[in-house]
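Each remark here refers to the structure printed beneath this line.
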Amino acid sequence: MARLTINGQIRDVEVDPDTPLLWVIREQVGLTGTKFGCGIAQCGACTVHIDGVATRSCALPVSAVGDDQKIVTIEGLSPDGSHPVQRAWLALDVPQCGYCQSGMIMASAALLQQNPKPSDDDISAEITNICRCGTYPKVRAAIHMAAEGGATKQAG
Amino acid sequence: MTYQPNVSRRAFIAGSAAAIGGFTLGFHVPFADAAMAQGASALPPEVNAWVVVKPDETVIIRIARSEMGQGTLTGLAQLVAEELECDWSKVTTEYPTPGENLARNRVWGSYSTGGSRGIRDSESYVRQGGAAAREMLIAAAAAQWKVPAGDCKAAKGVITHTASGRTTTFGKVADAAAAQTPPINIKLKDPKDWTIAGKPLPRLDTADKLTGKQIYGADLRLPGMLVATIKACPVFGGKVASFDAAAVAGKPGVRKVVQVDDNAVAVVADTWWQAKTALDALPITWDEGPNKNLSSADIAGTLAAGLDAPDAFVGNKQGDAKAALAGAAKTVTATYSFPYLNHATMEPMNATALYTADKCEVWVPTQNGEASLAVAAEAAGLPVQKCDVHKLLLGGGFGRRGNFQDYVRQAVLIAKQMPGTPVKLLWSREEDMLHGAYHPITQAKLTGGFDAQGNLTVFHMRISGQSILAAVRPEGMQGGMDPVVFQGLTANSPEGHMGYTIPNVLVDHAMRNPPIPPGFWRGVNLNQNTLYMECFMDELAHAAGVDPLAFRRKLMANHPKHRGVLEAVAARIDWDKPAPAGVHRGIAHTMGFGSYVAAAAEVSVDKGQLKIHRIVAATDAGHAVNPAQIERQVEGSFVYGLSACLYGECTVKGGRMEQENFDTYEVLRLAEMPAVETIVMPSGGFWGGVGEPTIAVAAPAVLNALFAATGKRIRTLPLKNHPLA
């Protein structure tokens, strides 16, 4: 049994304490926006926020997360996709296949929370998620756009 | 014809259907049974196979090819909408199932989405589909008004009778339009008149990818569904000797331990993590079979022996290369190699299957729904008419999910052992890395010969290595030869021919097929062929003491489109002016998948560290359906191509791959990604592909720049194995 606070809701889940947080989020809680990519915290597709810090959830046992810690998943980043990072992503039409993008968006949102005007070097150091389609240039541009508060419409 | 799209299924997958009612319907709507479908759906009948218009003016465009990030869904919708003359803001899309295609005599054509063919193979008939629907909508309005259809026109979903100014909308006449006789061979619009196609429109499928709403195969949930994960013998060609199911039968959530074919074992459980935990604990004894001692060194030795073997298949022959080499004033020879690579899609392989005695349905992210259907039917042991496949968005494809449907077969074989229960099979990353359809391995020995005046008079490329077709599509072989081996190196194939005129040319292939399963890896054989060709051209230029661009130009007079893209990147990167201090340039071009592409790179090397500062790329695909998506495909091609160049290799030891995850199979990350400037330069008159060709120029442009920077000629990938300090 674990008690978690996910997207502002308290969730009691019946689960083995060694189960990675990712699988609790996906299978017990049913939020599938957070993705499985590697299982060893290498690719970042499973990134969520724990108390505001970008965290790779696929290798983190659920027992390591306290019930007072606030977990935010992609579904809880904003009620309607209006977080500045999501708006910038829409404006620059960033995703290709999109599978890694929940993790990219969560990592980027956490970066901007800590560093509202990141430099290119800051972005390079902090955004280490893997994208195989190759959205990196658009990811970088969208982080800058979100930092500048410039996203108001979709790309045309 | 009152075909109804399977709305209940779609709504169900979106997670909003009212449970079992929709579920049952989704499984059992027989699309041949029009009466039942009619009663089950609130949608209006289609105008034709490609177009449905709802009363609220929403236009549903049917897409047969798969979307895997490459933008084909949006591009094909643009082409249909262009001819349809609808309001683009009202366009949505849907996938008809492969079973529906079969039942309707393949009205949507091929579902195969590979070879950069999604748009170029189907543009003609999808545009005809849009145009026919437009004519039928106009004819319906004209009939209501009792005026000649020729006096009416359509624009943005509104039909106007020119003389009277009377108007109506697509949604109002869609029902009547469906009854019109479909016209055929309609004159399509000249691309210069396009207003929707040819424009850099945003993708249609972005919004749900930003909020977690988008459902991929790995995310699918069906009522009563169980989840499985699988382990096949890690040694290629090995089998299951035995396993002790009782050892894990009591573990939490475990429902069943099943053998799959003769080489794999799967655990079915309530959740994936339970299945994974139990599978990891399951004692399995493997019969490792004949390849258990195979190593990369063995394979390299086998290929090396082919470099000088007497017999080889000839892919391109002009003049007499052997005689010309014997008479050359100077020759240059170099040997290159290219390793095995895994596609490493971000979403591991998966498929969900529901089997009953008389029906089998599969939900799967697939590049070829019809291939999935065929494999599902075979595995189920049911007639194909009793099976269907529901395509889901792919979390990456890159060639892994087209010709190869091993995960579909496995999912059906598992589900068959649990009739009536939907089972989702999801591979671990380790399983994905150990059971790929690997980029084939080859070596090449290249020889160039100059006459006394320094002219390149002869070129010989001997390729030794693996044939994809021999392993996976033997019906494509031509008298024992695999024509795909020669991608980009042929004399005149419209798919890709060599961009140089040299009096004596021989390109031949000594086929050597190690027991490692090869596959179509984004770019396929163009990747290594272009690397060999373009790095060696640089070697020849260097040997001749001529600038690499000038050296190529001299051989390209008869190849204006090849030269066009090469000149474009050279001009943009200021090739004729000095590079910034410490920065060095390289250049490469090729033709593949019917398109002409080139790249120029600027790099520096500091304390043994390569930094790629800038890439300029040019693409001439004949037509540019969506320039913004082409730009993204080109950028992505560098990520894929540079991942291979810098890090990519799967090595064999003990008959299995050594790399099992991203810690040992490294890929390019954001920090290393250079700025890419993309020149989209469609010259018209042909339709080339976009998703793949540019990958091939990434490595040679960078390696040629690296040579300019260091004097080191890298002839084997990946670069991580070569210290630069």
Side-chain angles (χ1 to χ4, degrees), chain A residues 15-16 18-20 22-24 26-28 30-40 42-43 45 73-75 77-78 80-81 83 85-87 89-90 93-102 105 121 123-125 127-140 154-156, chain B residues 67-71 200-203 205-216 218-219 221 227 252 271-274 276-277 343-348 393-398 426 428-430 628 632-633 635-640 643 661-663 667-673 675-676:
Chain A
V15 67
D16 183 293
D18 292 337
T19 306
L22 169 67
W23 293 102
V24 176
R26 287 178 58 82
E27 301 199 300
Q28 272 79 19
L31 297 174
T32 56
T34 308
K35 302 302 185 200
F36 166 57
C38 69
I40 58 167
Q42 277 284 317
C43 79
T73 71
I74 184 72
E75 292 90 348
L77 185 63
S78 68
D80 52 2
H83 185 281
V85 170
Q86 290 167 314
R87 292 207 319 266
W89 247 248
L90 185 66
D93 217 7
V94 173
Q96 289 185 29
C97 89
Y99 193 80
C100 73
Q101 297 290 315
S102 295
I105 289 169
D121 285 347
I123 294 170
S124 293
I127 305 300
T128 57
N129 300 34
I130 294 174
C131 170
R132 293 287 285 154
C133 294
T135 60
Y136 299 136
K138 295 287 180 278
V139 166
R140 185 186 291 281
Q154 194 172 2
Chain B
E67 177 59 45
M68 50 187 161
Q70 84 282 34
L201 300 179
R203 300 172 63 110
D205 55 348
T206 295
D208 284 351
K209 294 173 179 173
L210 309 180
T211 58
K213 267 191 204 158
Q214 179 66 55
I215 297 295
Y216 297 82
D219 305 327
R221 289 189 299 165
V227 187
T271 71
W272 191 81
W273 186 253
Q274 290 169 335
K276 168 80 160 59
T277 307
H343 299 80
T345 61
M346 290 309 297
E347 179 194 25
L393 195 70
L394 289 74
F398 313 127
L426 172 62
S428 65
R429 174 61 56 190
E430 288 76 15
R632 283 161 178 76
Q633 284 302 291
E635 288 177 354
S637 293
F638 283 98
V639 176
Y640 218 65
S643 289
N661 209 318
F662 290 120
D663 53 345
V667 297
L668 198 81
R669 297 185 194 241
L670 184 145
E672 300 158 296
M673 181 63 193
V676 175

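Protein chains get the first letters and strands the later ones, always in sequence-line order, with residue 1 at the start of each. Keep in mind that what you see is a predicted model, and the values were worked out from it rather than measured.
- When heavy atoms are compared at a cutoff of 4.5 Å, B:E635 approaches chain A by way of both its backbone and its side chain.
- The parts of B:L670 that come within reach of chain A are both its backbone and its side chain, each placing non-hydrogen atoms under 4.5 angstrom from that chain.
- Residues B:K209 and A:V94 fail the side-chain proximity criterion, which asks for heavy atoms closer than 4.5 Å.
- Put simply, the residue from B:D205, B:D208, B:L210 that forms a side chain to side chain contact (heavy atoms under 4.5 Å, CB included) with A:P95 is B:L210.
- When each of B:G69, B:G212, B:S428, B:G71 is scored by its heavy-atom pairs under 4.5 Å with chain A, the top score falls to B:G69.
- Nearest approach of B:M673 to A:P137, heavy atoms of both residues: CE-CG, 3.8 Å.
- Listed for the A:D93 side chain is no donor-acceptor partner under 3.5 Å among the backbone atoms of B:T206.
- Residues satisfying the side-chain hydrogen bond (donor to acceptor under 3.5 Å, both in side chains) criterion with A:Q96, sequence neighbours excluded, are B:Q633.
- Between B:Q274 atom CD and A:E27 atom CD the span is 7.5 Å, to the nearest 0.5 Å.
- A:I105 touches chain B through its side chain: at least one heavy atom from C-beta onward sits under 4.5 Å away, while N, CA, C and O do not.
- Applying the side-chain contact (heavy atoms from CB on, under 4.5 Å) rule to B:A218 yields the partners A:R26, A:Y99, B:E347, B:N350, B:L426; only residues at least two apart in sequence or on another chain are considered.
- Proximity to chain A is limited to the side chain of B:E430, based on heavy atoms less than 4.5 angstrom apart.
- Counting all heavy atoms, side chain and backbone alike, A:G37 lies closest to B:P348 at O-CG, 4.1 Å.
- No donor-acceptor pair closer than 3.5 Å links the side chain of A:R132 to the backbone N or O of B:T345.
- Chain B forms the most heavy-atom pairs under 4.5 Å with one residue out of A:I127, A:T32, A:I130, A:T73, and that residue is A:I130.
- If you measure heavy-atom distances from B:F398 to chain A, the contacts under 4.5 Å come from the side chain alone.
- Your options are B:P252, B:A675, B:A344, and the one with the most heavy-atom pairs under 4.5 Å with chain A is B:A344.
- Contact annotation for B:M346: both backbone and side-chain heavy atoms come within less than 4.5 Å of a heavy atom of chain A.
- Here the options are A:T19, A:V24, A:V15, the test is side chain to side chain contact (heavy atoms under 4.5 Å, CB included), and the partner is B:W273; only A:T19 passes.
- With hydrogens and angles ignored, the 3.5 Å screen pairs no side-chain donor or acceptor of B:Y216 with any backbone N or O of A:K35.
- With a 4.5 angstrom heavy-atom cutoff, B:S643 touches chain A only via side-chain atoms.
- Contacts between A:L22 and chain B at a heavy-atom distance below 4.5 Å are absent for every atom of the residue.
- Remark: A:C97 SG to B:L393 CG distance equals 7.0 Å, nearest 0.5 Å.
- Smallest separation of non-hydrogen atoms from A:Q42 and B:R669: O-NH1, 2.8 Å.
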